[in-house]
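Note that these values count all heavy atoms, side chains included, but never hydrogens, waters or copies made by symmetry. Just so we're on the same page: letters track the sequence lines, and every chain starts at 1.
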Amino acid sequence: MCGRFSLFDMFGLEVRFNINLPESLVPSYNIAPSQEILAIIGGGGEQERYRAQLLRWGLIPFWAGDADASKKMINARAETVEKKASFKESFARRRCLIPADGFYEWKKEEGRKRPYRITLHNGELFAFAGLWDEWSSPRGETIKSCAIITTLANKLVEPVHDRMPVILAREAEAAWLDPRTELPALKELLQPYPPQFMECYEVSAIVNSPRNDRAEVVEPL
DNA sequence: CCAGACGTTGTT
DNA sequence: GTCTGG
DNA sequence: CCAGACGTTGTT
DNA sequence: GTCTGG
């Protein structure tokens, strides 16, 4: 699954995704659920440019009775995303890119967990396939939130964990955002990323606490 | 028909 | 809102 | 995802 | 054990 990632390479970000960054966005080595994260929406048709949008990580379906759903819905399974009540509407109409430069998975062994960091070669920026939604409370407060889609781990990640987030091929990003893309074509985009373009290495357990947001957590152990 | 759930991961 | 279970 | 808290009453 | 906060 994917419950932690990083996005600290802010310089390449605007050019790579053709966006203006939100003022309040700060680089982070250790991004956790419940935080406001950068997402990219728009594209396709008349819209010339993608838009950056901060979203709470943890999707609250628009019909939810309260906002507690967000504590659970940090991931959506690629295999079932078009069928689940909580995600189907977002899958059909509210897809987003979630930029990152690495993510973390924990390997469980002998009763303890060791964290690993997974990146593309050279720490290149990439985008998770994401879903978003907008929820309004009875009092009229609105919350925009999101989830990251997961799929089977590839050969590189599989020794650490059996699931991993969907990283979109760069040439698939536009199709993912395009409202005209048909559902079967969308599902085809949700594949495990090719392991030969990725790196996986153990990192310090300092990353375990989301409070430890510093460069040390991305260093090889 | 209405009521009630709506999720993933990991562990058992 | 929409699906599943009864 | 992991870490850390997990409670009420009454008083300031 | 389970929920909340980050």
Partner of D:dG7 under the Watson-Crick or G-U wobble criteria, both distances under 3.5 Å, comes out as none
Pairing partner of C:dG6, by Watson-Crick or G-U wobble and under 3.5 Å for both distances, is B:dC1
Exercise. Do A:Tyr193 and A:Phe126 make the cut of ring centroids closer than 6.0 angstrom?
Worked result: no
Sugar-phosphate, base or nothing in reach of [X], heavy atoms under 4.0 Å:
X	answer
A:Thr80	sugar-phosphate
A:Asp213	nothing
A:Ala147	nothing
A:Ile74	base
A:Ser86	sugar-phosphate
A:Lys84	sugar-phosphate
A:Phe87	sugar-phosphate

Closest to the side chain of A:Phe62, out of C:dG1, C:dT2, E:dG6, is C:dG1
Closest to the side chain of A:Arg211, out of E:dT4, E:dG6, C:dG1, is E:dG6
Rounding to the closest angstrom, what is the interatomic distance between [N] and [M] at atom [atom1]?
N	M	atom1	answer
E:dT4	D:dG7	P	10 Å
B:dT9	D:dC2	P	13 Å
B:dA3	D:dT8	C1'	35 Å
D:dA5	B:dC6	P	30 Å
D:dC1	B:dT12	P	15 Å

CZ (A:Phe128) and CD1 (A:Ile148) are apart, to the nearest 0.5 Å, by 5.0 Å
Distance col, row A:Thr80:OG1 vs A:Phe91:CZ, nearest 0.5 angstrom, shows 10.5 Å
To the nearest angstrom, the CD-P distance between A:Glu134 and C:dG1 comes to 15 Å
Outer limits of DNA chain D sitting under 4.0 Å from a non-hydrogen atom of chain A, read 5' to 3', are D:dC1 to D:dA3
Can you find a side-chain donor-acceptor pair between A:Ser6 and A:Arg117 that sits under 3.5 Å?
-> yes
Check: Can a side chain N or O of A:Lys88 be found less than 4.0 Å away from OP1 or OP2 on C:dC3?
Finding: yes
- [ ] Find out whether A:Leu125 and A:Leu7 are in side-chain contact, i.e. whether some heavy atom of one side chain is under 4.5 Å from a heavy atom of the other.
- [x] yes
